[in-house]
Peer 1: 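Please find one structure pasted underneath; my questions will follow.
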Amino acid sequence: MISIPSRGLARMDFTLSLIGLIGYCASKGAPSRHGEPLSIALRVVEGCVIHDNREKLAKMALGGGFTHILYIDDDMTFAPTILDALLGRRQQMVCVNYLVKTDDCRHFVAVNFDGTRIATEEASTNLEAVAFCGMGVALIDCEVLKGTPRPWFVPIYDAENDRTQEEDEAFFRRARAAGFVPWLDHDASKLVSHIGLKAWQWKDYCPD
């Protein structure tokens, strides 16, 4: 289930990417899993509370009997092959890395187990286990949702650091506590951009 948690204002670059993905899937036939073709549906939940949108989409995926949920935020661009790329990893949670929308071009969304940010650079490839990542483009096996207690996406207050975790960090922490491993796909990360006043890509990274 391709799932768009939207605040109601999608950029044209995102729209074109989504059309490309749907057209690609339609032209080549549904992707397969273990040799069996997968049917694909598109669902959108619009609202100003992003974690509530994600929660509703997850419930739709479980209620509809889907095997996977592909979250795509409406401030992302992505190649038409992104679903094939993530499904091909055969992992229960696969996310992509992208720059935070800021002129400080050192901050990616993926975070290591020691709390440091993980960069995707020219030499970065394959999968890397992470503590958590952004949900801008993330493929989740519905078995993860079934095995992780709800609420999945409600932000958690971090009293030690006096901050509130965002919904993606909260989800991955809950899923990890339930025994699931989030994987960062560096190759797929090079197929996406994060749209703000400009489109941030992995190659815009500027290390110290």
Side-chain angles (χ1 to χ4, degrees), residues 1-6 10-33 37-38 40-44 54 57 66-102 105-112 117-141 144 168 171-172 181-207:
M1 188 177 98
I2 300 171
S3 304
I4 315 296
S6 177
R11 295 284 294 267
M12 182 56 69
D13 288 347
F14 162 80
T15 304
L16 290 173
S17 292
L18 184 59
I19 292 170
L21 171 60
I22 299 301
Y24 173 80
C25 292
S27 66
K28 70 181 288 291
S32 63
R33 181 171 182 261
L38 296 178
I40 299 174
L42 173 64
R43 300 288 185 269
V44 179
R54 294 201 196 282
L57 287 163
F66 290 93
T67 60
H68 294 74
I69 182 168
L70 175 66
Y71 280 107
I72 305 178
D73 288 352
D74 62 8
D75 61 351
M76 301 295 297
T77 70
F78 42 94
T81 56
I82 192 67
L83 177 57
D84 274 358
L86 297 179
L87 277 174
R89 294 304 193 176
R90 307 295 189 194
Q91 299 295 334
Q92 291 184 305
M93 292 193 291
V94 189
C95 56
V96 303
N97 208 8
Y98 47 93
L99 285 166
V100 177
K101 291 186 285 189
T102 172
C105 53
R106 295 170 296 174
H107 293 156
F108 277 90
V109 293
V111 175
N112 215 330
R117 301 270 179 171
I118 300 171
T120 294
E121 302 182 74
E122 184 69 38
S124 304
T125 190
N126 295 323
L127 296 177
E128 181 175 354
V130 295
F132 59 91
C133 191
M135 295 285 291
V137 179
L139 182 71
I140 310 296
D141 190 316
V144 175
D168 41 19
F171 169 74
F172 283 118
V181 179
W183 292 94
L184 168 63
D185 187 335
H186 284 291
D187 299 304
S189 299
K190 297 174 183 179
L191 303 178
V192 308
S193 298
H194 198 194
I195 312 169
L197 296 178
K198 67 176 186 178
W200 279 265
Q201 294 181 294
W202 67 273
K203 61 186 178 182
D204 294 321
Y205 175 59
C206 52

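No experiment lies behind these values; they were computed from the predicted model shown.
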Peer 1: Give a yes or no answer on whether the side chain of His186 reaches the backbone of Thr120 with a donor-acceptor pair at less than 3.5 Å.
Peer 2: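 Judged by distance alone, no pair lies under 3.5 Å.
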Peer 1: For the residue pair Cys95 and Phe172, what are the closest heavy atoms and their distance?
Peer 2: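 Nearest heavy atoms, Cys95 then Phe172: CB-CZ, 4.4 Å.
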Peer 1: With a 4.5 Å limit on heavy-atom distance, are the side chains of Val192 and Trp202 in contact?
Peer 2: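 Side-chain contact under 4.5 Å: no.
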Peer 1: For Lys203, give me all partners under side-chain hydrogen bond (donor to acceptor under 3.5 Å, both in side chains), at least two apart in sequence or on another chain.
Peer 2: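 Checked Lys203 against side-chain hydrogen bond (donor to acceptor under 3.5 Å, both in side chains); zero matches.
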Peer 1: Where is the tightest heavy-atom contact between Val94 and Leu86, given as atom of each residue plus distance?
Peer 2: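 In terms of heavy atoms, the two residues are closest at CG1-CD2, 3.6 Å.
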Peer 1: Between atom CD1 of Ile4 and atom CG of Leu70, what is the distance when rounded to the nearest 0.5 Å?
Peer 2: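 So the gap between those two atoms works out to 7.5 Å.
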Peer 1: Okay, side chain of Asn97, backbone of Phe108: is any donor-acceptor separation there less than 3.5 Å?
Peer 2: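 No.
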Peer 1: Just how far is it from atom CG of Leu21 to atom CD1 of Ile82, taken to the nearest 0.5 Å?
Peer 2: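 CD1 of Ile82 is found 9.0 Å from CG of Leu21.
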Peer 1: With a 3.5 Å distance limit and no angle check, can you tell me whether Tyr98 reaches the backbone of Gly136 through a side-chain donor-acceptor pair?
Peer 2: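 Yes; judged by distance alone, with no hydrogens or angles, the pair exists.
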Peer 1: Should Phe78 and Val96 be marked as a side-chain contact (heavy atoms from CB on, under 4.5 Å) after you check the CA-CA gap, both sets of side-chain angles, and the distance that decides it?
Peer 2: CA-CA 10 Å; Phe78 42 94; Val96 303; over 6 Å; no
Peer 1: Where do Asp141 and Thr67 come nearest, in terms of heavy atoms and distance?
Peer 2: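 Minimum heavy-atom separation between Asp141 and Thr67: OD1-O, 3.4 Å.
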Peer 1: If the condition is side-chain hydrogen bond (donor to acceptor under 3.5 Å, both in side chains), which residues does Asp74 pass it with, not counting sequence neighbours?
Peer 2: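 Checked Asp74 against side-chain hydrogen bond (donor to acceptor under 3.5 Å, both in side chains); matches are Ser6.
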Peer 1: Measuring from Arg89:CZ to Leu184:CG, what's the distance to the nearest 0.5 Å?
Peer 2: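 Between Arg89 CZ and Leu184 CG, I get 9.5 Å after rounding to 0.5 Å.
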Peer 1: Tell me if a side-chain donor or acceptor on Thr81 pairs with a main-chain N or O of Ala79 at a distance below 3.5 Å.
Peer 2: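 Looks like no, no N/O pair under 3.5 Å.
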Peer 1: Which heavy-atom pair separates Pro182 from Met93 by the least distance, and what is that distance?
Peer 2: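 The answer is N-CE, 3.4 Å.
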Peer 1: Of the non-hydrogen atoms in Pro5 and Ile72, which two are nearest, and what is the gap between them?
Peer 2: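 Where Pro5 meets Ile72 most closely, the heavy atoms are CD-O, 3.4 Å.
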Peer 1: What is the distance from atom NE2 of His68 to atom CD of Gln92, rounded to the nearest 0.5 Å?
Peer 2: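 Answer for the NE2-CD pair, His68 versus Gln92, is 8.0 Å.
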Peer 1: Considering non-hydrogen atoms only, spot the tightest contact between Gln91 and Trp183 and give its length.
Peer 2: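 Heavy atoms of Gln91 and Trp183 come nearest at OE1-NE1, 3.3 Å.
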Peer 1: Under 3.5 Å, is there a donor-acceptor pair between the side chain of Asp187 and the main chain of Asn126?
Peer 2: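 Here the side-chain-to-backbone pair exists.
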Peer 1: Between Val130 and Val111, is a side-chain contact (heavy atoms from CB on, under 4.5 Å) present by the stated rule, with each step listed?
Peer 2: CA-CA 6 Å; Val130 295; Val111 175; over 6 Å; no
Peer 1: Is any side-chain heavy atom of Leu139 closer than 4.5 Å to one of Asp185?
Peer 2: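 No, side chains not in contact.
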Peer 1: Under a 4.5 Å cut-off applied to non-hydrogen side-chain atoms, are Ile2 and Arg43 in contact?
Peer 2: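 With C-beta onward as the side chain, the pair stays apart.
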Peer 1: Strictly by modelled atom types, are Tyr71 and Asp168 linked by a side-chain donor-acceptor pair under 3.5 Å?
Peer 2: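 No, because no side-chain N or O of Tyr71 sits under 3.5 Å from a partner of the opposite role on Asp168.
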Peer 1: Atom NE2 in His107, atom CG in Leu99: separation rounded to 0.5 Å?
Peer 2: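 One finds 10.0 Å between NE2 of His107 and CG of Leu99.
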Peer 1: Salt bridge check: are Arg54 and Asp73 linked by an N-O gap of less than 4.0 Å?
Peer 2: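 Asp73 and Arg54: salt-bridged.
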Peer 1: Using the side-chain hydrogen bond (donor to acceptor under 3.5 Å, both in side chains) criterion, which residues pair with Ser189? Sequence neighbours excluded.
Peer 2: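 Once residues adjacent in sequence are excluded, Ser189 has no partner under the side-chain hydrogen bond (donor to acceptor under 3.5 Å, both in side chains) criterion.
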Peer 1: NE2 of His194 to OG1 of Thr77: how many Å apart, nearest 0.5 Å?
Peer 2: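 Reported to 0.5 Å precision, the distance equals 10.0 Å.
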